[in-house]
Amino acid sequence: MNAPERGAPAVTLALAGFVAGHPSGGWSSAVEREAARTFLNWVGCAIGASGHPSVEAAIAALRELEPSAQASVLGRGERLDMTGAALVNGISSHAFDFDDTHLRTIIHPAAPIVPAALALAEHLGASGRALVDALVLGIEVACRVGNAVYPDHYDRGWHITGSVGMLGAAAAGARLLGLDAERTAMALGIAASQPSGVREQFGSMTKALHPGLAARAGLTAALFARHGYTASARALEAERGLLQTFSTKHDWSELTEGLGARFEIAFNAYKPFACGVVIHPSIDGCLRLREQHGIGAAEIESIALKVHPLVLELTGKTAPRTGLEGKFSVYHACAAAIIHGRAGEGEFSDAAVAQPDAVALRQRVSAVADGAIAEDAADVTIARRDGSVVHVFVEHALGSLERPMSDEDLRRKFHGLVDPVLGAQRADALIGGCAAISACTDLASLIGLARPAQAPSARPRAAAR
């Protein structure tokens, strides 16, 4: 049993007051730019995976509940009730494991927060400015709570995107609804009783369910609070509150220090590879050696990796059987990078994981945990059959804060995800709309661009790509 910490500061009310009272657009141009980039990246991920089997299954289940049509499912023709749309868009945006990452906590902040905010904004007829405000402030709440409990909470087995994401979704919803500080605190308190997701589910469809559940829980919490539903005003910090219940680490200063001056979205990173972020340095190293030395799979005797211990803890599957499991196999990821020269969603399909040359090469990959190596670094050595050896140390992976994806990188990624679903013309229009989201006065038109003209059954399924 954890010994509760008595007399913790009133951080629930502090965060609630911040969300309710912070001025619209009250942050730097760099934060505003990152909000647009985060939104663009999320839209691409959600549309790209809109035909994924997990999305098909979720929609089929929700249809049985006969919900009323209030909000859109991106990349598809269906409209669902607000919470259903938030759930499905949360699943879709995380299904490819290609979404944004707050590297300090490994939270994927957009996946639970944007679906809740977008569904509510669509239903309310809110402006793009209001949506961006909700996005920035929701991410601030979720990531600050994550900072306060990471890594202990994550090490216990919680999937932190789901287990704190509902707080960000609740904050975003409260902001859009115009709730005052007291009712925003109630929304956070209601959401605090609904953390979801454990790491055992990594490599299965249920991993992507976690941000969907968090989106739905946070949106529901905000709606409950709007109508007077009550919760503890100390739901986060109390002795039996959320933080002290699910973590032995609770750094209260992370929740309020610099609140309103430093924004966590400024530290958001975007994935160039469609898999767990801890594998990215190893992929980056393999791709560099492949390009610099013209190395092919057939000439490789072995690939030796030295990586941070978390890499093997999270992605140590030596013999993945499915594409989802392949996303959590550093062995498959390196083999795919060498064979294909990339590591997009196609390289993590069921077929790609079962490919004989991929199976053969990943059996020649070895990995050793080294606590001296940073999480976004990797040491990669490739030995050729002719006896020659090439080596690279990746200090910071592509997509890290030190080597961020450029706007052009994000546009190319967006086209790769969205073109097969909506076509290049609509993708271009969406890129422009996302870039100018804070000035958008007609979200319905922008959301309309994210839906296909034909019925979902009339277009190729993402799983088949």
Side-chain angles (χ1 to χ4, degrees), residues 30 32-52 74-75 92-103 108-111 114 265 268-277 279-292 323 326-327 333-334 336-349 352 376 394 396-437 446 449-450 452 459-460 462-465:
E32 189 78 0
R33 173 176 178 266
E34 222 50 60
R37 281 160 55 88
T38 295
F39 187 69
L40 173 70
N41 189 72
W42 178 85
V43 169
C45 291
I47 293 173
S50 60
H52 193 272
L74 271 61
S92 183
S93 63
H94 196 56
F96 283 174
D97 224 320
F98 220 173
D99 43 343
D100 57 325
T101 308
H102 180 258
L103 293 176
H108 303 288
V114 180
I265 196 174
N268 227 11
Y270 309 96
K271 290 184 177 183
F273 313 123
C275 58
V277 70
I279 311 179
H280 288 204
S282 299
I283 295 172
D284 192 341
C286 287
L287 289 174
R288 285 197 215 179
L289 294 177
R290 181 185 188 273
E291 181 178 348
Q292 292 170 5
K327 291 175 182 289
C334 287
I338 292 291
I339 293 168
H340 301 287
R342 58 186 181 274
E345 178 57 25
E347 286 65 58
F348 293 96
S349 65
D376 68 335
V394 178
H396 299 291
L398 180 64
S400 64
L401 295 177
E402 292 77 10
R403 294 178 60 210
M405 292 184 74
S406 67
D407 290 348
E408 182 56 35
D409 290 334
L410 280 177
R411 282 191 287 269
R412 282 195 297 269
K413 174 181 174 180
F414 190 92
H415 273 293
L417 288 164
V418 175
D419 288 6
V421 181
L422 301 178
Q425 187 173 357
R426 280 201 171 195
D428 272 330
L430 274 169
I431 288 171
C434 291
I437 183 64
L446 180 62
L449 290 172
R459 60 179 173 83
R465 294 200 300 270

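Note that the structure is predicted; figures quoted are calculated from it, not measured.
By the 30° and 60° cut-offs, the orientation of the rings of His108 relative to His94 is tilted.
Across Arg412 and Asp409, no two heavy atoms sit closer than the pair NH2-OD1, 2.5 Å. Nearest heavy-atom pair, Phe96 versus His52, reported as atom, atom and distance to 0.1 Å: CE2-CD2, 3.9 Å. Gly399 approaches Ala269 most closely through the heavy-atom pair O-CB, 3.2 Å. A pairwise comparison of heavy atoms in Ser92 and Ala49 identifies O-CB, 3.2 Å as the closest pair. In this structure, Glu345 and Ala274 approach most closely via the heavy-atom pair N-CB, 3.6 Å. Here the closest non-hydrogen pair linking Pro281 and Asp376 is CG-C, 3.3 Å.
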For this session: Assess whether side chain to side chain contact (heavy atoms under 4.5 Å, CB included) is satisfied between Leu398 and Ile283, documenting all intermediate values.
Result: CA-CA 9 Å; Leu398 180 64; Ile283 295 172; over 6 Å; no
Exercise. Going through the distances and angles, do Thr101 and Lys271 end up as a side chain to side chain contact (heavy atoms under 4.5 Å, CB included)?
Worked result: CA-CA 8 Å; Thr101 308; Lys271 290 184 177 183; 3.5 Å; yes
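Cation-pi contact between Lys413 and Tyr270: absent, since separation from the ring centre below 6.0 Å together with deviation from the ring axis within 45° is not met.
In this structure, Ser50 and Leu74 have side chains that are not in contact, with every pair of non-hydrogen atoms separated by 4.5 Å or more. You'll find the side chain of Ile279 stays beyond 4.5 Å of the side chain of Phe273, heavy atoms only. Here the side chains of Val43 and Val114 are not in contact, with every heavy-atom distance at 4.5 Å or above. The shortest side-chain heavy-atom distance between His280 and Val394 does not fall under the 4.5 Å cut-off. Looking at heavy atoms from C-beta onward, Leu430 lies in side-chain contact with Leu422 at the 4.5 angstrom threshold. In this structure, Ile431 and Leu40 have side chains that are in contact, with non-hydrogen atoms separated by less than 4.5 Å.
Qualifying side chain to side chain donor-acceptor pair (under 3.5 Å) partners for Glu347, counting only residues two or more places apart in sequence or in other chains: Arg342. With sequence neighbours left out, His102 forms a ring pair (Phe, Tyr, Trp, His ring centres under 6.0 Å) with no residue at all. The side chain to side chain donor-acceptor pair (under 3.5 Å) search around Gln292 returns none, not counting sequence neighbours. Applying the side chain to side chain donor-acceptor pair (under 3.5 Å) criterion to Asn268, with sequence neighbours excluded, gives Thr38, Asp100. Evaluation of the side chain to side chain donor-acceptor pair (under 3.5 Å) rule for Asp428 yields His415 as partners, not counting sequence neighbours.
The environment of CD in Glu291 is sparse: at most 12 heavy-atom neighbours from other residues, nucleotides or ligands sit within 6.0 Å.
Taking CG from Asn41 and CZ from Phe98, the interatomic distance works out to 8.5 Å, rounded to the nearest 0.5 Å. Taking SG of Cys334 as the reference point, atom CD1 of Ile339 lies at 11.0 Å (rounded to 0.5 Å). Taken to the nearest 0.5 Å, the CE atom of Met405 stands 5.0 Å off from the CG atom of Leu410.
Note on residues 281-290: pairs passing salt bridge (charged side-chain N to carboxylate O under 4.0 Å, His left out), not counting sequence neighbours, are Asp284-Arg288, Asp284-Arg403.
Of the possible donor and acceptor atoms, none in the side chain of Lys327 sits under 3.5 Å from a partner among the backbone N and O of Phe348.
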